[in-house]
Amino acid sequence: MRDPVQVQEGGIMPTKKSRYRSSINYVAATSAWIFTCILANSSRASEDLTYLDLSLEQLLEVPVTGSTLTEESLKTVPASVSVFTHDQISRLGVDYLYELLSLVPGFQFDRNSSSGVAYTYSARGRRSSQQSLEVLLLIDGHVVNDPRAGSPDITVPLYPLAQVERLEVIRGPGSAIYGSSAFNGVINIVTRKQQKSIALAYGSQQRRQLESLWSGTLNSWAVDGFIQAYKDHGDDFVLQDSFNLKPIATSDPRQQFAANLALAREKTRVALSYSRTKTADFYQSDNTGNNYNANDRTLWHLALDQDFEWLANTRSTLALSYQQFIYDFNLFLAGPGQLAAVSNPSSAEPFKGDARLAGESWHITFSNDWAINADASAQWGVQLARNEETDASAVGNFDLEQLIQRRFPITYYGDQGKTFPLGNESSQDNIGIYAQYLRNLRATTRLTLGGRYDEYPDITGRFSPRLGLVEQLNDTYSLKLLYGEAFRAPTLTETGLMNNPVLLGNPDLTHEIVKTWDLILMGNWQATSLSIGLFQNRYEKPIETVFTTTGRTYGNGDREQSQGIELEWLQEISSHWSLRTTYTRMDLPDSAAREAEQLASVELNYAAERWNWNLMGFYQDQRNNPITDSTWNTLDDFWVLNSRWRYEMKRGYNLTLTVKNLTNSDYSTPSQSLGKPQGIPNRGRELNAGIEWRF
């Protein structure tokens, strides 16, 4: 790993500054040269080659449903949105959701030290912890997150893209429809249906993977299933031991199994999902611990949707969902011999902790879509939700409470251990009521007006409005002016976390608020689509970690502001070549020191007859990484390139060769915890070959 540079000392967080790196200039020049060569040679392409499967014009008409709960196109939807279809995703050298989000303006990811599968993403530079709390994840219209921590990247850390039919990434507030956690964005996933395929892959790091989709009928029910099984040895790393600060060699092996079953008949839909992920070694809850660190995450999700009509020109849906999440993990809290002098009886054993965090949630939603006339419609509904912490405890061989309170000597319990609470095992209820009005003011002007009121028994209520005007200036240009507010209620973890040596909960927290303006100009030509968006976020009472006389806890901070520009360019170069690029430049507050202010991505695709070749890459600017409470260093910016070759054989067989991190870039992302000067290392080059049979 590269050594960190530019250590900054002082009692405050380093100020964010604008940075233009030489690597950007190099990549820009190289991209321009490649682009020129492509244009010069594309005219010589053979006439018998086929067109791209999905033209740019068709892509602009792909329905977007997550913003208004009605079908909109990219040109008319009152939001800043990026859409990916299954055909697009299958060409890319990515497997999981966090990888795909690197191609979305304003989105960036971190690999953190929670575990080997801890990949956290953020939207527009806002992230307050090691989890993605500010972006809501919807799968087939249902919220999927950790009932305790409110984060989707804990429950489904490696969501497989093989089961995605369409993915919508909505930037900006979504609380006017979805309530809490739709703070800076909404990810809406529509899963694949009526498909039959089986895929096998093998690659470096002893990667083995099986994915299968199947469909059929059972009496009058349409049945769809998905199975994924994955296992690898992981990459090899040399980390700094958390306790003796010496180098320690480790790896990050991971296993995952996922299974989904969906049934549909007329107006009824039922879905059952199961996911389990295991990791070992690497970091666990910020600490090293070879041959002991491990975690095991299990998620069950059950959903029922029933459509019916009870009013004229109104489509209604009653949706119920239940999810259960269990997180078991082992970790070291102190190294061998560290407590020998302060324990009774004296023991040189490391402080071992075996913990379980579990929760469950219920959602009941009654939604309605009223077609008033050809130019107007209204949507309204009510939602009841309950999040509950069902288990939050740890078994330790030393007394955890005495250690945190520094009451020496600390009792040593030996192998039998003692159980300590990690949370209040409480619950959080919510009722939300929303309404929305869509109207064509004239043939070229569309109005969106809506809002939602949410009530929490232990927190003050909150109304979240939205306003959108979309104007078709002419056949080429459209202009969007958007305003929205969103909030995020503190989670059960943020209010009730206890017996944690690093961070404690705060029961006096209140919700954080964001008020956002977006101005978006879109231009659509025959072979070109360009979107330029300006945004401004004003944060009130942001939830952040603060220092008190008793240690670190959560608190509501002072007002903050951020703004930025987002660009997305899609180009059909010829009948075989296509190009997609994004660029984001943000001005962020000092509290976002870990976030990159400049982001970029590029995707170049070639399709001809049965062949497809794709080269994609993403860029993240320099980022600050904490060493102590008052000392920070700067992590290098980086580009990561992935590539995939695909060949379609006869009888439905596809062969693929994928290379991730093509240049074997040695890059790190910031740590949320202290004492990791080199940041958190990411995996190097990965190669795998696969075969898929569609039948």
Side-chain angles (χ1 to χ4, degrees), residues 95-99 109 111-120 130-132 144-149 151-163 200-212 226-237 239 248-260 272-301 323-333 352-360 390-395 422 680-683 686 688:
D95 298 298
Y96 300 110
L97 176 61
Y98 81 88
E99 298 174 298
F109 80 90
R111 186 183 196 189
N112 61 56
S113 53
S114 290
S115 72
V117 290
Y119 291 91
T120 302
Q130 291 191 128
Q131 290 86 41
S132 302
V144 178
N145 60 16
D146 178 4
R148 298 179 57 263
S151 172
D153 59 29
I154 295 180
T155 52
V156 282
L158 299 177
Y159 187 82
L161 297 174
Q163 61 179 323
L200 298 171
Y202 184 81
S204 58
Q205 303 172 5
Q206 300 180 29
R207 170 178 174 152
R208 289 150 286 174
Q209 183 172 335
L210 164 68
E211 292 176 335
S212 179
F226 172 79
I227 291 178
Q228 185 217 35
Y230 179 95
K231 185 176 182 179
D232 71 24
H233 170 72
D235 213 341
D236 295 320
F237 298 100
L239 308 176
I248 179 175
T250 189
S251 60
D252 64 339
R254 59 183 62 159
Q255 300 180 54
Q256 178 163 310
F257 178 80
N260 299 334
L272 176 64
S273 302
Y274 170 80
S275 176
R276 187 173 186 179
T277 306
K278 295 182 178 181
T279 69
D281 294 339
F282 197 61
Y283 288 110
Q284 176 59 54
S285 303
D286 298 331
N287 289 335
T288 55
N290 278 348
N291 303 317
Y292 191 77
N293 276 357
N295 77 65
D296 187 344
R297 310 166 192 236
T298 303
L299 172 69
W300 287 95
H301 192 277
Q323 69 175 9
Q324 180 190 74
F325 177 61
I326 301 175
Y327 183 19
D328 294 314
F329 56 96
N330 305 329
L331 77 159
F332 283 164
L333 293 173
K352 300 177 182 179
D354 300 344
R356 164 166 287 195
L357 303 174
E360 60 184 19
T390 57
D391 195 352
S393 60
V395 177
L422 299 180
I680 309 303
N682 285 255
R683 287 189 169 190
E686 300 179 66
N688 71 84

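- For the pair Asp236 (side chain) and Ala249 (backbone), a donor-acceptor distance under 3.5 Å is absent.
- Here the closest heavy-atom approach between residue Ala358 and residue Arg148 is recorded as O-CD, 3.4 Å.
- Taking the side chain as every heavy atom from C-beta outward, Ile680 and Tyr283 approach each other to under 4.5 Å.
- Side chains of Arg254 and Thr277 form no contact here, defined as non-hydrogen atoms less than 4.5 Å apart.
- At least one side-chain heavy atom of Gln130 sits under 4.5 Å from a side-chain heavy atom of Ser113.
- Within the model, atoms CG of Leu161 and CG of Asp95 stand 7.0 Å from one another, a figure rounded to the nearest 0.5 Å.
- Smallest separation of non-hydrogen atoms from Thr155 and Leu299: CB-CD2, 4.0 Å.
- For the atom pair CD1 (Ile326) and OG1 (Thr298), the distance works out to 6.0 Å, reported to the nearest 0.5 Å.
- Remark: Asp354 CG to Asp328 CG distance equals 9.0 Å, nearest 0.5 Å.
- Between the side chains of Asn290 and Thr250, a donor-acceptor pair is found at a separation under 3.5 Å.
- Under the 4.5 Å side-chain criterion, counting only non-hydrogen atoms from C-beta, Tyr327 is in contact with Asn295.
- The line from CG of Asp235 to CD of Gln205 is 4.5 Å long, rounded to the nearest 0.5 Å.
- Ser273 places none of its side-chain heavy atoms less than 4.5 Å from the side chain of Gln323.
- Annotation for Ala162 and Phe226: closest pair CB-CE1, 4.1 Å, computed over non-hydrogen atoms.
- Taking CZ from Phe325 and NE2 from His301, the interatomic distance works out to 13.0 Å, rounded to the nearest 0.5 Å.
- Pro152 approaches Val144 most closely through the heavy-atom pair CB-O, 3.4 Å.
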| query | Do Arg297 and Ser275 pass the side-chain contact (heavy atoms from CB on, under 4.5 Å) test, and can you show the C-alpha distance, the side-chain angles, and the key distance before you say yes or no? | reply | CA-CA 8 Å; Arg297 310 166 192 236; Ser275 176; over 6 Å; no

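- When side chains are defined from C-beta on, Asn682 counts as touching Phe109, because their heavy atoms get closer than 4.5 Å.
- The aromatic rings of Phe332 and Tyr292 sit parallel, their planes meeting at an angle under 30°, below the 60° perpendicular limit.
- Taking each heavy atom of Asp281 and Gly289 in turn, the nearest pair found is OD1-O, 4.3 Å.
- Counting all heavy atoms, side chain and backbone alike, Pro681 lies closest to Leu239 at CG-CD2, 3.7 Å.
- Within the model, atoms CZ of Arg683 and CG of Asp252 stand 4.0 Å from one another, a figure rounded to the nearest 0.5 Å.
- The backbone N or O of Ile154 lies less than 3.5 Å from no partner atom in the side chain of Asp146, so there is not a single donor-acceptor pair.
- The aromatic rings of Tyr274 and Trp300 sit tilted relative to each other, their planes meeting at an angle between 30° and 60°.
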| request: Report the C-alpha separation of Gln284 and Asn330 in whole Å, then their side-chain angles, then the decisive distance to 0.1 Å, and conclude whether the side-chain contact (heavy atoms from CB on, under 4.5 Å) test is met. | output: CA-CA 8 Å; Gln284 176 59 54; Asn330 305 329; over 6 Å; no

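- Judged purely by atom type and a 3.5 angstrom limit, Gln256 uses its side chain to pair as donor or acceptor with the backbone of Leu158.
- With a 4.5 Å cut-off on side-chain heavy atoms, Gln209 and Asn688 do not count as touching.
- Figure legend: Arg111 and Phe282 shown as a cation-pi pair, the cationic atom lying under 6.0 angstrom from the six-membered ring centre and within 45 degrees of its axis.
- Two residues are said to be in side-chain contact when any heavy atoms from C-beta on lie closer than 4.5 Å; Phe329 and Ser285 meet this criterion.
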